Structures are given as C-alpha cells and as structure tokens.
Amino acid sequence: MRDDLIHNPTGGMPRLLEIMRRLRDPETGCPWDIEQDFASIAPYTIEEAYEVADAIEREAWDELKGELGDLLLQSVYHTQMAEEAGMFSFDDVANAISDKMVARHPHVFGDESRDKSAEQQVQDWEQIKAAERAGKQETGVLDGVAKGLPALTRALKLQNRAARVGFDWPSTDEVLDKIVEEAQELRDVQNDEEQFEEFGDLLFVMVNLGRHMGLDPEAALRAANAKFTRRFESIEAALAAEGRSPKDSDLAEMDALWNAAKAAEKGA
C-alpha cells in the first residue's frame with residue numbers, strides 16, 4: 001500500500017492513479033466503485049464534460065480547476081477498468097493521444113510548412129482524419145460519427161459529413177422552405193408515433209439552418225436556456241418582493257413580468 005503517495009498533496013498524476021487503483025481494489029476498495037463498469041460510468045463522463053463547458057461559459061475560472069479534475073478522474077476511472085481487464089494502461093492512453101496529435105500536426109512536428117491559413121489547416125486536418133478512418137475500415141461517409149454525442153451536435157456532424165460529398169442545399173432559402181414543410185407535416189399528423197418522427201425531422205432541419213448560418217446549434221440552445229433561466233428568475237424575484245411565488249400568480253401576470261425582464265435586458 002502506498003499511503004505516503006495517497007496522502008501527498010503534491011503527488012500529481014501518480015497520486016490520482018494510485019487513489020483510483022485503491023478505490024477499485026476488490027478486497028479493500030469502495031463497494032460502489034468496485035461495482036461500476038464502463039457503461040455505468042459513461043453517463044458521469046458526459047456530465048463532467050458538460051460541467052467543464054458550463055464553468056467556461058460562465059467564466060467561473062475559480063471553478064474550472066475542480067471541474068477539469070472531475071473530468072480527468074473519468075479518464076482515470078475508465079483506464080483503471082481497462083487495465084484490470086488487461087486491455088491498456090494510462091500510459092497507453094497518453095501515448096495514443098500524443099501519437100495522434102503529432103500525426104495531425106505535420107506542420108508543427110514534421111516537415112510541412114506552417115505557412116498556411118486556418119482554413120487550409122482545417123482542410124488538411126479533415127484529410128488526415130479521413131485517412132485515419134480508412135485505416136479503421138470506416139469507408140462510409142458517415143462512419144465514425146459517435147452515436148453517444150448530444151443529438152444536436154451529432155446532427156451537425158452528420159450534415160457536415162454529407163455536405164462534403166455534395167449532399168446539401170445550396171442556400172438558406174431551401175432550408176427555410178424545408179422548415180415550413182416539416183412544420184406543416186407536424187401540424188397534420190394524427191398519432192403519437194408520427195408526431196415523434198415529424199418533430200425529430202423539424203429539429204434536424206433546424207440544425208441544418210444553423211449550419212448554413214454558421215451557428216452552433218448546441219451553443220445557441222444553451223444560450224437560449226440561459227436566457228430563459230435569467231428571465232424566469234426575474235419573474236420569481238419580482239413576485240418574491242411581494243411575498244408571492246409563481247404558483248400564486250397567473251400566466252398573464254408572469255408574461256407581463258417576462259416582458260419587463262426582456263425590456264430591462266435590452267435596455268441595459
């Protein structure tokens with residue numbers, strides 16, 4: 001047992017790896033940690049990545065260190081389980097990403113010239129990734145787009161892949177026409193199964209509109225969520241000043257308070 005390392009506040013990465021090893025020890029570890037597997041930990045990995053993004057979006061720099069640590073722990077957790085199964089070690093993980101970064105930046109680590117635009121670098125990056133996919137026998141245009149991505153992000157990536165081979169509307173006009181068409185189809189359907197499908201189609205086309213406008217749909221929806229939260233909290237604050245809560249109000253009053261919050265934001 002390496003208790004000296006575990007309790008060393010400057011132990012760095014070796015300390016974290018040892019802590020995870022001890023947590024997963026079948027005889028002396030934590031019962032909850034021992035019971036986990038890749039599938040059960042995966043949702044926490046996604047959640048921690050979003051918490052990192054949230055801290056950055058809020059510019060909560062005092063929180064970012066902790067959130068990055070939580071995300072790092074997820075990599076350590078998955079790697080420990082892989083090591084127990086004889087698949088790979090943490091060094092293997094670190095070497096794999098290092099190899100990838102070196103291979104994808106020949107203009108930094110190889111003989112290629114750095115005298116290229118950011119746009120050219122993106123094109124070169126995509127060519128390198130395409131070659132990597134071919135090496136994995138991913139020959140389809142859409143192969144390799146992770147199914148576990150958030151739905152809006154995955155829709156954007158699928159559309160970008162299809163657009164590279166010419167499967168795309170030429171302008172936003174056609175996309176807007178398609179939105180009108182999909183909205184009408186949603187209005188016309190009669191059963192829950194068809195509503196589900198048509199609603200998904202409408203969301204997919206909305207992502208395409210954002211793509212044509214150069215907007216990230218995931219970021220745009222996060223911003224809309226934040227705006228909704230701010231304005232609803234303004235409603236709650238206004239009602240609380242009178243000793244009331246939303247359940248003591250009605251839609252007409254809350255709508256008026258919403259509009260007041262909106263006007264205040266725009267006038268700021």
Side-chain angles (χ1 to χ4, degrees), residues 12-21 24 36-57 64-165 211 216-219:
M13 200 67 223
R15 179 191 185 197
L16 180 57
L17 293 171
E18 179 64 15
I19 287 171
M20 179 51 64
R21 189 192 68 77
R24 291 277 299 177
Q36 303 313 305
D37 57 25
F38 292 109
S40 68
I41 292 298
Y44 296 102
T45 307
I46 296 169
E47 179 182 339
E48 297 298 352
Y50 274 113
E51 291 187 1
V52 168
D54 177 66
I56 293 171
E57 187 170 337
L64 185 57
K65 178 178 68 174
E67 298 298 351
L68 287 170
D70 291 343
L71 183 57
L72 175 60
L73 178 65
Q74 300 304 305
S75 292
V76 170
Y77 210 131
H78 286 288
T79 303
Q80 174 63 32
M81 291 187 288
E83 191 160 7
E84 292 165 5
M87 293 189 289
F88 53 79
S89 69
F90 191 83
D91 282 346
D92 294 329
V93 172
N95 288 331
I97 188 59
S98 296
D99 290 344
K100 181 185 291 186
M101 290 299 97
V102 170
R104 288 188 179 182
H105 294 82
H107 57 297
V108 175
F109 304 110
D111 298 329
E112 287 191 9
S113 171
R114 292 182 63 251
D115 186 17
K116 61 177 71 176
S117 66
E119 181 179 357
Q120 181 61 50
Q121 177 55 36
V122 170
Q123 293 175 2
D124 291 350
W125 180 277
E126 292 301 335
Q127 290 176 357
I128 293 170
K129 289 198 292 184
E132 290 174 357
R133 290 195 296 271
K136 298 177 183 176
Q137 297 184 333
E138 296 176 355
T139 57
V141 172
L142 306 181
D143 286 352
V145 180
K147 294 181 179 179
L149 288 170
L152 291 179
T153 298
R154 186 162 194 262
L156 180 63
K157 287 182 175 291
L158 291 171
Q159 292 167 10
N160 280 333
R161 288 279 190 91
R164 288 177 203 153
V165 296
R211 185 176 67 83
D216 180 344
E218 195 78 32

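Keep in mind the model is a prediction, meaning the values are calculated, not measured.
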Min side-chain heavy-atom separation Asp70-Gln74 under 4.5 Å: no

Which atom of Leu142 lies closest to which atom of Leu158, heavy atoms considered: CD2-O, 3.6 Å

Whether over 12 other heavy atoms sit under 6.0 Å from Asp115 CG: no

Side-chain donor/acceptor of Arg161 to backbone N/O of Asp143, under 3.5 Å: yes

Taking every non-hydrogen atom, the tightest pair across Ala39 and Pro43: O-CD, 3.2 Å

Test side-chain contact (heavy atoms from CB on, under 4.5 Å) applied to Val76 and Met20, Met81, Arg21, the passing residue: Met20

Qualifying ring-ring contact (aromatic ring centres under 6.0 Å, His included) pairs with a residue from residues 69-101, counting only residues at least two apart or across chains: Phe38-His78

All pairs passing ring-ring contact (aromatic ring centres under 6.0 Å, His included) where residues 93-116 contributes a residue, at least two apart: His105-His107, His105-Trp125

Pair Val141-Arg164, side chain to side chain contact (heavy atoms under 4.5 Å, CB included): steps then yes or no: CA-CA 9 Å; Val141 172; Arg164 288 177 203 153; over 6 Å; no

Side-chain donor/acceptor of Ser40 to backbone N/O of Gln36, under 3.5 Å: no

Set of side-chain hydrogen bond (donor to acceptor under 3.5 Å, both in side chains) partners for Glu218, sequence neighbours left out: Thr153

Least distance between heavy atoms, Ile46 atom then Gly148 atom: CD1-O, 4.4 Å

Distance-minimising heavy-atom pair for Ser98 and Ala94: OG-O, 2.8 Å

Pairs where residues 73-95 contributes a residue and the test salt bridge (Lys or Arg N to Asp or Glu O under 4.0 Å) is met, not counting sequence neighbours: Arg24-Glu84

Minimum heavy-atom distance between Pro217 and Leu156, given as atom pair plus value: CD-CD2, 3.8 Å

Any residue meeting salt bridge (Lys or Arg N to Asp or Glu O under 4.0 Å) with Asp54, in chain and number order, not counting sequence neighbours: Arg58

With sequence neighbours excluded, residues passing salt bridge (Lys or Arg N to Asp or Glu O under 4.0 Å) with Glu112: Lys116

Flag side-chain contact, heavy atom, 4.5 Å: Lys157 against Arg154: no

Side-chain (Arg114) to main-chain (Val108) donor-acceptor, under 3.5 angstrom: no

